[in-house]
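One structure, pasted below without further comment.
No experiment lies behind these values; they were computed from the predicted model shown.
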Amino acid sequence: MDRRSFLKAALRGSAALILAEGIGDILRPASIHASPKPLRWVFLVDTYKCIGCGFCVKACKIENEVPFEANVSRTWVERYILTKDGAVFADTPQEARNGFTSRLIDLGEGRVKDIPQEKIDKAFFVPKLCNQCEKPPCVQVCPVGATYKTAEGVTLVDRKWCIGCGYCIMACPYGMRFFHPLLHVAEKCTFCYHRIQKELKPACVQACPAGARRIGNIKDPQDPVTQIIMTQRVSIHKPEYGTNPQVYFIGLSEEVR
Amino acid sequence: MASLLGTSPKAIRSFEQVGTTFRRILKTAALLPAAEVCISEDSASGGNIRDCSSEGEDPVSHVHPSWKLRFFHGRLETFNSLSSLKGSRSMHVFRPVYIVFALVGLILVARTILVPADFGIQESGYMYGWYRKANEKEWKDFALKYRGKEYCADCHAEQDQQIGSSRHQAIECENCHGPGREHPSDPPKLDLDRTRELCLRCHTFLAYPTSKRSEIKGLDPDRHNPGAECVACHDPHRAAKPG
Amino acid sequence: MVLEEIWTTKELFVYPNEYIYWSIQIVMYPFMTGLVAGAFVLSSLYHLFGIKPLKEIARFSLVFSFALLMVAPLPLLFHLMQPARNFYVVLTPHFTSAIAAFGVVLFIYASIVASELWFLYRQHLVESSLRLKNQLNLSLAGKIQLWTYTILTLGASDLSERALRLDEKAIKILAGAGVPVACFLHGYAGFIFGSVKANALWMTPLMPVIFIMSAVVSGVALCMLTYIVTMEIRRVIARRKRGSVLYPTVEQIRGVEMHEMRITARYLIFFLIFSISLELLDLVFRGYTAVKSWDILRNVIYGKDFVNIFVLQYILGNLVPFILLLIPRITIPRTLLALILVLFGVFMMRWNVVIGGQSFSLTFAGYMHYHLPLIPQDWETFKEGLFGALFIGVMPFVLFWALNKIFPVFDLQRSP
């Protein structure tokens, strides 16, 4: 092969690789869908349906033994209120463990704000939980191998091995992790790993009366959640961090933090 | 071998020039004093301070030769002394190395005892899959608390039917009654939440135009019988107006 | 019930699980490792480059570096929620994490410093053990001393010219190898922060370099400071003990060598300039590119943390000592003040990075405020409070005093 044809081939080859990489990014759910493993858990949150009752948070805390009165949770619900003059207010009073029982917006440090109903342009609730990322930064930074991603894509914490350094908590861009107040090790949502093994639904999915939370297997084309993700317009939270989160949202408005 | 170590006379001279230039740069940057002050160690009464910046000194003197010169001459000397040793005296310079190796060995031995056998790289690779495999089973064995409607309906079919034909049909029994756990053996009776705040989770009216919350019949909790228990007048299983 | 709630208050919209998890001990840790690295680099300036005027302070800073090194893991032990499991990082290190480098780097660095100390003091150890062996009727303290010295010699009692020259070679090699390891010891601490993409303030490739530069600054400053203070104390004691046979005379204690101080101060200024340039560069870039996080960062840097950053760190901790050290006819009191301010500035830099990075929420729409626990009410408020930090700050001096008994820094007649 002479130099010119070698260079041409090399150029074409690298362009093809770059293009393939880029396409892989665009077709993310599909690329996971296509790979050979039989099971990969994904979650679907429909923010149009969430009514802000907070039963999900209560059920999660009780199911997973996170102290109810402690101001930490594996999952929570946020409220967004957009006023007609363009202001955005958001709060999550006591991580919504008691739901939203007041119009008053919690501003922290004891302050509240009341927005009259007629000034509200849009308002909605957004449930949040661990995204069980395909490339979890929290796992990357664990110094001892106490947190890990299982073959089915769920990220777990080995409570017997965690040294409590807190690096994983700092590394999560979504603020999903915390120290368990009694066990003093890292803690996070596990998609109720112990329940989904037994073909039960996670506690939050079961508790939700509005059907705003759903879980599915992206590898199963018959799964209704998979069908929605593959056919409807869904979005992910904070894609710029490159974590490939596997919680898909319907109606994730641009104001959502 | 001498030329490999760069200690031929020519090499030494060129290194000396480099050393001189380096020291000149340092002096210009005022990182070295213009006249290098040295305290010679041969005087017992506290030392004479003298200028040691001249280059004509004995190259292997310990007091003040050019540093590069001394370094490479020292290397040559070490090499010569090493090759002349041949078992005559032990090389004490390696004692600390032996200690470090012993410590490393200790750590490696400790690892075989203290690290669980199933700790290693699992399916997700080293970056995402470095863990103790047995932990997966520990999580799978985590106790269930919530059992779901079907579990309650087995015995409480009447209530299940009642609520199933009301507007509260979408609400799980355990949302209000608490988790079933191993009921009826443990706990024999569930702890029902009768508080006002439970009902207000959905029934505080919030006029949010783009949310299904605004479609739930609700009220202003500060105006409608404040402080009273909702279940005093309302039956949640029938979800109808009182009376 | 949540521990971190003791010292965190939240304002506006903050995620429920967000607290200031990395508090005062995580500020202390890079401060201590920076002192370690800086002290070692100062010592290497003499051993490696033969900058003769630094001989006295070189020995001093090597011993001090070792004292600091032994204290360096303490802030981490105080911080860990499971301190009993601290050695897991050596058992099952996950090297994709910068913290896992800790075990390896610390071990290598400790080996280098300990070995260099051994070579530096081998002659003294051998001579002391021989002297004690020949003494009759040793007290218990004397016997312990004899045993300590004998064990520490590691059986290498050859004190010939050739052996001593080999010691010198070894010191030079170790000093040379130790400088990049010292840089790595602190560079990795900077990498720990700089690689966290989730934190808008921490994530910058400049972070490891900024940390290394300010580490050298702090190490050099601390050594100079302790050297000045110790020499002056010794002079005062010598004056009081005039006529005592056992204590060196005032003339024999030469006092602070001003020319040594002057040269070291020049290196300090050089590294000060470098470190402040990098920080200003980072700030200018952030303001110019104004990415999504800039709004909240601007509020933190120019609003909430303005005094901490600009007044305390930049002006008091950088500009004022810079001026003080550059004024001609430098005096000891002025040098002392400048050094204290430099150390304060380096501490504030660590504080502004660690606490500053947790002062805003991941939502970019809320803030967190750190309230350092002052009076300890229980173990938690001690170890992550003011007194825990003070304890860590005092320990190096205590250890240095103890180390000085075996590895005397002053009045050593002969050493490489």
Is it the backbone or the side chain of C/Tyr88 that comes under 4.5 Å from a heavy atom of chain B, or both, or neither?
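Neither part; nothing is under 4.5 Å.
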Heavy-atom proximity to chain C below 4.5 Å, by part of B/Ile99:
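Just its side chain gets close to chain C.
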Does any backbone or side-chain atom of B/Val104 lie under 4.5 Å from a heavy atom of chain C? Answer side chain, backbone, both or neither.
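B/Val104 touches chain C through backbone and side-chain heavy atoms alike.
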Picking from C/Ala265, C/Gly155, C/Ala114, C/Ala110, which has the most non-hydrogen pairs under 4.5 angstrom with chain B?
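Answer, by heavy-atom pair count under 4.5 Å with chain B: C/Gly155.
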Can you tell me which residue among B/Lys145, B/Lys140, B/Glu138 is in a side chain to side chain contact (heavy atoms under 4.5 Å, CB included) with B/Phe142?
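Running side chain to side chain contact (heavy atoms under 4.5 Å, CB included) over B/Lys145, B/Lys140, B/Glu138 with B/Phe142 returns exactly one hit, B/Lys145.
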Looking at C/Arg165 and C/Glu161, is any side-chain nitrogen of the basic one under 4.0 Å from a carboxylate oxygen of the acidic one?
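Looking at C/Arg165 together with C/Glu161, the answer is yes, because their closest N to O distance falls below 4.0 Å.
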What distance separates C/Leu164 CG from C/Asp158 CG, expressed to the nearest 0.5 Å?
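Taking CG in C/Leu164 and CG in C/Asp158, the distance rounds to 8.0 Å.
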Let me know if B/Tyr126 has heavy atoms under 4.5 Å from chain C in its side chain, its backbone, both or neither.
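Both backbone and side chain.
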May I ask you to name which of C/Val90, C/Leu154, C/Thr92, C/Thr96 has the most heavy-atom pairs under 4.5 Å with chain B?
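Among the listed options, the one with the most contacts to chain B is C/Thr92.
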Assess, by modelled atom type and distance only, whether the side chains of C/Asp167 and B/His92 contain a donor and an acceptor separated by less than 3.5 Å.
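Side-chain D/A pair, C/Asp167 to B/His92: present.
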With no hydrogens and no angle check, do the side chains of B/Glu136 and B/Tyr131 hold a donor and an acceptor under 3.5 Å apart?
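Note: B/Glu136 and B/Tyr131 side chains meet the donor-acceptor criterion.
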So what's closer than 4.5 Å to chain B heavy atoms on C/Ala163: side chain, backbone, both or neither?
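Answer is both: backbone and side chain atoms of C/Ala163 are under 4.5 Å from chain B.
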If I take atom CG from residue B/Leu190 and atom SG from residue B/Cys173, how far apart are they, to the nearest 0.5 angstrom?
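Going from CG on B/Leu190 over to SG on B/Cys173, the span is 10.0 Å.
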